[in-house]
Amino acid sequence: MSLPVSQIVVTSPAKLAFISGQVALNAEGELIGPNDYGQVFMNLKLTIEAAGGSAEHVTQMRIHVVNHGPELANIVFQAGAEVFGSEWPLTASTFLGVQAIAFPE
């Protein structure tokens with residue numbers, strides 16, 4: 001699978017929303033389960049929509065994955081594609097493996 005990323009994204013002046021810290025939490029703020037990338041992308045989509053935007057307005061994504069291995073890139077991006085469908089945002093992206101994030105799970 002070719003990864004859905006872009007080397008450059010150009011936008012015109014507009015309202016900007018900076019979204020961070022999306023993890024697999026449900027509407028009550030409870031952790032659904034570790035490695036539920038689909039829930040992470042659903043939370044991202046809902047957050048973008050709550051800010052008045054849509055996938056086409058996303059210009060950059062920084063994805064941090066605990067215990068990253070090469071096989072995770074396709075798993076993570078597939079989860080995003082399932083949530084966003086044909087509206088998957090082509091963005092300037094950074095995909096980083098990290099030691100830990102906010103929740104140990």
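Please read these numbers as outputs of a predicted model, since none were measured by experiment. We count residues from 1, following the sequence as given.
Atom NE2 of residue H57 and atom CD of residue E49 lie 11.5 Å apart, to the nearest 0.5 angstrom. Distance CH2/W88 to NZ/K45: 11.5 Å, rounded to 0.5 Å. Taking CD of Q22 as the reference point, atom CE of M42 lies at 12.0 Å (rounded to 0.5 Å).
V76 and L90 fall within a single hydrophobic cluster, where Ile, Leu, Val, Met, Phe, Trp and Tyr are joined by side-chain heavy atoms under 4.5 Å apart, directly or via other members. No continuous path of hydrophobic side-chain contacts links L46 to V40 [ILVMFWY only; heavy atoms under 4.5 Å]. Hydrophobic clustering, with ILVMFWY side chains joined whenever heavy atoms are under 4.5 angstrom apart, groups L44 together with V58.
Between F95 and F77, the ring center distance clears the sub-6.0 Å criterion.
Of all heavy-atom pairs between M61 and T91, the closest is N-OG1, 3.8 Å. Between A79 and F41 the shortest heavy-atom distance is C-CD1, 4.0 Å. Considering every non-hydrogen atom in both H64 and V98, the closest pair reads CD2-CG1, 3.7 Å. Here the closest heavy-atom approach between residue L25 and residue N43 is recorded as O-ND2, 3.0 Å. Of all heavy-atom pairs spanning A51 and A17, the tightest one is CB-CB, 4.2 Å.
Around the CD atom of Q99, the shell of radius 6.0 Å holds no more than 12 heavy atoms that belong to other residues, nucleotides or ligands. With a 6.0 Å radius and a threshold of 12 heavy atoms from other residues, nucleotides or ligands, E87 has its CD atom at or below the threshold.
Judged by distance alone, the side chains of N74 and Q78 never bring a donor and an acceptor atom under 3.5 Å apart.
Using a 4.5 Å heavy-atom threshold, the side chains of V65 and L96 count as separate. When side chains are defined from C-beta on, I63 does not count as touching T94, because their heavy atoms never get closer than 4.5 Å.
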Stepwise side-chain contact (heavy atoms from CB on, under 4.5 Å) check, L72 with Y37 = CA-CA 10 Å; L72 283 180; Y37 304 115; 4.0 Å; yes
